[in-house]
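Note sheet for the following structure.
Just so it is clear: chains get the letters A, B, ... in the order the sequence lines come, proteins before strands, and each one is counted from 1.
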Protein chains: 2
Amino acid sequence: MADKREMFRNYISQQGLKLTRQREIILDEFLRAAAHLSTEELYHRVRKKHSHIGYATVYRTLKLLAECGLAKERDFGGGQSLYEVAHRGYHHDHLICVECGEIIEFENARIEELQKQVAHEHGFVMTDHRLEIYGRCAKCSSS
Amino acid sequence: MADKREMFRNYISQQGLKLTRQREIILDEFLRAAAHLSTEELYHRVRKKHSHIGYATVYRTLKLLAECGLAKERDFGGGQSLYEVAHRGYHHDHLICVECGEIIEFENARIEELQKQVAHEHGFVMTDHRLEIYGRCAKCSSS
DNA sequence: TTAAGTGCAAACTTTTTGCACTGGC
DNA sequence: GCCAGTGCAAAAAGTTTGCACTTAA
């Protein structure tokens, strides 16, 4: 987490941007979040402690975080996009409960491999992918 | 295609809805489209021939088509959602060129199987999934 | 000092909705 | 004739932007 703040500072200065109090607050609150956050949710969390911070700043900062690789924008449909803390080095996909909304992250090397193969078969060079599995989680299935 | 119109009529009457001229026009134009259409695009196509049809009607009809299984809503990000003609019976995924925007549909039974397995490992019962592979297509890679 | 950043409100984009009128059944 | 559907315009909902003021470097 400390290294992520470091990364942010590096990026900021490299780009000739400025490290403002707001950006630090928003970054900290973002890193504190375990799950996938909407801009709205992050805005409210930030607001609880720092009521002066505006909506636009949260949007702008979240974009900045995505730009520098600390955040990843995810669009699961349903209007707004969610951001998650980027786990550097490995790609993961999502398992989403259609009933309670729980989101579980997973990795599967075999699937990744097959994807690359499919892309190749169609003459594509794969740059990214996204896989979401929807279903009912254990809790929701039993009840 | 004729059977799809039939399906639509059946659904309409079963639900106690009405088969209006607008709905027929929109359905026809939708079925004519080969690729993935945004509501906006469909609206413009419909408008060319029938300038009296409103935006809201296109939205409402597209929702109706999705409801009765004739259309599938796809959200590739980028603001608006796209609809595609639902190919009944099999599920397919998408390969998307990040440069020219071309969308190719594919199926891969092995990947599907692995997905079901992943869901199972996490106690999920899979109901649906979505897989998108992003990359550069042959044309865009070479140029 | 000075250019980037902020907060606010207004603008924009996509989608939905309220309502009076129209038209299938 | 009834009630669902339509077209329009207004409202929502999410996001972006213009601008005058503030602040990090």
Lys/Arg N to Asp/Glu carboxylate O, B:E29 vs B:R32, below 4.0 Å: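 A salt bridge links B:E29 with B:R32.
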
Cationic N near anionic O, under 4.0 Å, A:R136 to A:E99: yes

Side-chain donor/acceptor of B:R60 to base of D:dG7, under 3.5 Å: yes

Nearest to the [X] side chain among [options], which nucleotide is it?
X     : options                : result
B:R23 : D:dT15, C:dT15, D:dG5  : D:dG5
B:L19 : C:dC25, C:dT6, C:dT15  : C:dC25
A:A56 : C:dC8, D:dG7, C:dT14   : C:dC8
B:K18 : D:dT15, C:dG23, C:dT14 : C:dG23

Below 4.0 Å: OP1/OP2 of C:dT15 and any side-chain N or O of B:Y59: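 Result: yes.
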
Nearest-nucleotide comparison on DNA chain C, the residue closer to the 5′ end among B:T20 and B:E73: B:E73

Pair A:H94 + A:H92: ring centers closer than 6.0 Å: yes

Passing option when B:Y43 is tested against B:F30, B:Y83, B:Y55 for ring pair (Phe, Tyr, Trp, His ring centres under 6.0 Å): B:Y55

Of A:E40 and B:G16, the one whose closest DNA chain D nucleotide lies more 5': B:G16

